[in-house]
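The structure appears right after this line, and notes come after that.
Order of the sequence lines sets the chain letters (A, B, ...), proteins ahead of strands, with each chain counted from 1.
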Number of protein chains: 2
Amino acid sequence: MDVDAVRTFVAVTEAGQFQAAADELGITQQAASKRVANLERKLGVVLFARTARGVRLTVDGQALLPHARELLRAAERVTAAVTPGRRPLRIDVVSRRIAPSNILQAFYQQHPGIELDVVALTNADATAALAEVSAGTLDATFRSLRATARTVPAGLRSSRVVDDRHELLVGPRHPLADARTVTPAELTDHPIWMPGMSDPEPIGYYDDLAKAFGLTIDTVGPMFGIEALLAELADSTRLAMFVGEGSRYLWPESYDLRRIPVVNPTPVYPLSVIWRADNPHPVLADFLDYLETRYRATLGEDIWTPDWAR
Amino acid sequence: MDVDAVRTFVAVTEAGQFQAAADELGITQQAASKRVANLERKLGVVLFARTARGVRLTVDGQALLPHARELLRAAERVTAAVTPGRRPLRIDVVSRRIAPSNILQAFYQQHPGIELDVVALTNADATAALAEVSAGTLDATFRSLRATARTVPAGLRSSRVVDDRHELLVGPRHPLADARTVTPAELTDHPIWMPGMSDPEPIGYYDDLAKAFGLTIDTVGPMFGIEALLAELADSTRLAMFVGEGSRYLWPESYDLRRIPVVNPTPVYPLSVIWRADNPHPVLADFLDYLETRYRATLGEDIWTPDWAR
DNA sequence: GTTCCCGGACAACCCGCTGTTGTCCGCGAG
DNA sequence: CTCGCGGACAACAGCGGGTTGTCCGGGAAC
């Protein structure tokens, strides 16, 4: 399957003859003829009815044409995806399970036309991500940033755009399984388990949260994958973990896990978008507007954030 | 833009290393490495971070990946589009302006998932179209057929599935421009103009229609394209033409053409689907069901058809 | 009917890309 | 420190795709 051959096929179709198509493509008529002949041989069908005054599409050619055009568009997008200046908005969401990814998806659904490349810089710390933004390989990163607005590198801008409310995730045999809501004060006697944390960002956040309300939050311990974690949670009478309201975990029906909103106050996880100050991607402004509207709706709620986020 | 290189890129991404991907593709590790290196050179970006234990995607690689997969899917569809046995339902609509094309579009919108290739066998008479169906290059043709159910070639099945109601198309200065409906009897004094007819099918139909109601229908005369025709119609105080209710012509607002339903009785243009009896395309059954439902709703109306269609 | 010319196909040739084999190197694990 | 995995580089071979040159068929003009 040769894209050049397909491109030649489309060009010949549009020109109605090989000679003109070949001129268009900057090759000889013989080369164009060979390309199409090879394509026909590979596909096992005849695409053109050759006449003395040019060519006409056969039935197979007609059926192929829209798919051929689609292939060329796909090839064009492959190139555009990595061409600085005319590529989609490229934004990092850290992980596809947490709020930034889902918020971006909601934005995309409201703006179906826009070109968007979502990448997950798993295992890249904030410094590495900011370096990618500075270097231009990334248009923005959407993540927690303890030092927001203070030590963001020169040339970058940041904006706190989301407060992701915390919920308690517990199995059906946990003492709080049937609570409609819980308060931080009610959690002092229940250990919170957040294994697999390696990033300093969330660890610092949970340390502060534990200190503020006298909670026990265990951020060490081995991580055997999210599936193992959820299974263990479902079986346990003691374990509970925090998850963001905007996060998304899929689990089997049989696990019967519950998300219980935390209130009075609601700990929220502050998330920021960080982008290059000079020459930002045009679509980014739309996204920031979208986030602004979304964020404003949550102002005035009874929330808790660590000192460094205030 | 080489599809094999993109396929290699995706394979390496999935395998996490060149060696395994190369085995998968049946080439040597060196060849896979070269393909990806070429792709990187052409695109001007580095796609993989090479480590001692395999490779990891860079940001550019991550952004490229979904587009690369899309390209492979498009290439797959190009092949499938002409591969007998696993190709989309391929159906001929004669012209994209008339009812069959629009009905197929409505069907497609109700069944967005199906694979459909609509071809327009312009300038192919019924015999040629039926030959394509018999030969297997077409799954079906959707057209008028005077001899429906009588002289359809052996091995084919046909079904009258649509009665396309006639409407009168006139410009704003035509005497009937403001009529809400017209009857055939009221049209005896108004010449009907249907230029550019070369197919025996519609010519025969309009001859019969003219004879049945004493109309004057001119099916000869030069055809300078549909745009010229509509422009002339808009300017004329005398000219009128018939169009099918299911047809679609776009004209500038300024033309101010009107479609006036013809009633008491309504001449309808019978359209049939003709398909291969043995081993028909599976989607065709759905389409015929769809047409059946649609057709049943029009039964009992006050219609006229030529003798040969009864 | 004859001639002309356009447009496509075929043939021969040549270049360069892409694959192979063979080898080296770097890095992580033991 | 050593081993081995995995990737890169080098040299070479084969062929795929490009070019030039030529022929052929059919529509248009006379």
Side-chain angles (χ1 to χ4, degrees), chain A residues 1-58 60-61 64 68 71-72 75 78-79 123 198 222, chain B residues 1-58 60-61 64 68 71-72 75 78-79 123 198 222:
Chain A
M1 181 51 46
D2 178 6
V3 175
D4 280 335
V6 173
R7 181 170 291 115
T8 307
F9 163 69
V10 173
V12 172
T13 302
E14 287 171 354
Q17 55 185 42
F18 278 71
Q19 185 63 62
D23 294 345
E24 180 110 2
L25 296 170
I27 57 174
T28 60
Q29 168 261 316
Q30 288 82 345
S33 186
K34 269 194 186 180
R35 284 185 181 180
V36 171
N38 280 344
L39 186 63
E40 287 178 320
R41 191 171 43 76
K42 277 177 195 158
L43 295 175
V45 294
V46 177
L47 298 173
F48 292 113
R50 276 80 164 170
T51 73
R53 284 272 176 271
V55 296
R56 252 190 20 252
L57 282 173
T58 61
D60 284 309
L64 183 63
L71 180 74
L72 298 186
V78 163
T79 308
N123 299 333
S198 54
Chain B
M1 182 51 45
D2 178 5
V3 174
D4 280 335
V6 173
R7 180 171 291 116
T8 307
F9 163 70
V10 172
V12 172
T13 302
E14 286 171 354
Q17 54 185 43
F18 277 71
Q19 185 63 63
D23 294 346
E24 180 109 2
L25 296 170
I27 58 175
T28 60
Q29 168 263 317
Q30 289 83 344
S33 185
K34 270 192 186 180
R35 282 186 182 178
V36 172
N38 280 343
L39 187 62
E40 288 178 319
R41 191 171 44 74
K42 277 176 194 159
L43 294 176
V45 294
V46 177
L47 298 173
F48 292 112
R50 275 81 164 170
T51 74
R53 285 269 175 273
V55 296
R56 252 189 23 252
L57 282 174
T58 62
D60 284 309
L64 183 62
L71 180 73
L72 298 186
V78 163
T79 309
N123 299 332
S198 54

[X] has an atom [atom1]; how far is it from atom [atom2] of [N], in whole Å?
| X | N | atom1 | atom2 | answer |
| --- | --- | --- | --- | --- |
| A:Lys42 | D:dG16 | NZ | P | 9 Å |
| B:Glu40 | D:dA8 | CD | C1' | 12 Å |
| A:Arg7 | D:dG17 | CZ | C1' | 16 Å |
| A:Phe18 | D:dG17 | CZ | P | 15 Å |
| B:Asp2 | D:dG16 | CG | P | 14 Å |
| A:Phe48 | C:dA9 | CZ | C1' | 15 Å |

Side-chain heavy atoms of [X] within contact of [Y], under 4.5 Å:
| X | Y | answer |
| --- | --- | --- |
| A:Asp2 | B:Val3 | no |
| A:Val46 | A:Asp60 | no |
| A:Leu25 | A:Arg35 | yes |

Between B:Glu40 (side chain) and B:Leu47 (backbone), is there a donor-acceptor pair under 3.5 Å?
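Yes; at least one donor-acceptor contact below 3.5 Å.
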
Backbone N/O of B:Thr51 and side chain of B:Arg53: donor-acceptor pair under 3.5 Å:
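It does not hold such a pair.
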
[X] side chain N/O closer than 4.0 Å to the phosphate oxygens (OP1, OP2) of [N]?
| X | N | result |
| --- | --- | --- |
| A:Gln17 | C:dG7 | yes |
| A:Ser33 | C:dA9 | yes |
| B:Asn38 | C:dC17 | no |

Using heavy atoms to find the nearest nucleotide of DNA chain D for B:Arg50 and A:Arg41 separately, return the residue whose nucleotide is more 5′.
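The answer here is B:Arg50.
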
Can you give me the N/O atom pairs linking the protein to nucleotides 18-26 of chain D at distances under 3.5 Å, or say none if there are none?
unit_1: D:dG18; atom_1: OP1; unit_2: A:Arg35; atom_2: NE; d: 2.8
unit_1: D:dG18; atom_1: OP1; unit_2: A:Arg35; atom_2: NH2; d: 2.7
unit_1: D:dG18; atom_1: N7; unit_2: A:Lys34; atom_2: NZ; d: 3.2
unit_1: D:dG18; atom_1: O6; unit_2: A:Lys34; atom_2: NZ; d: 2.6
unit_1: D:dT19; atom_1: OP2; unit_2: A:Thr28; atom_2: N; d: 3.1
unit_1: D:dT19; atom_1: OP2; unit_2: A:Thr28; atom_2: OG1; d: 2.7
unit_1: D:dG21; atom_1: O6; unit_2: A:Gln30; atom_2: NE2; d: 2.5

Is the number of heavy atoms from other residues, nucleotides or ligands under 6.0 Å of A:Arg50 CZ greater than 12?
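Count over threshold, so yes.
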
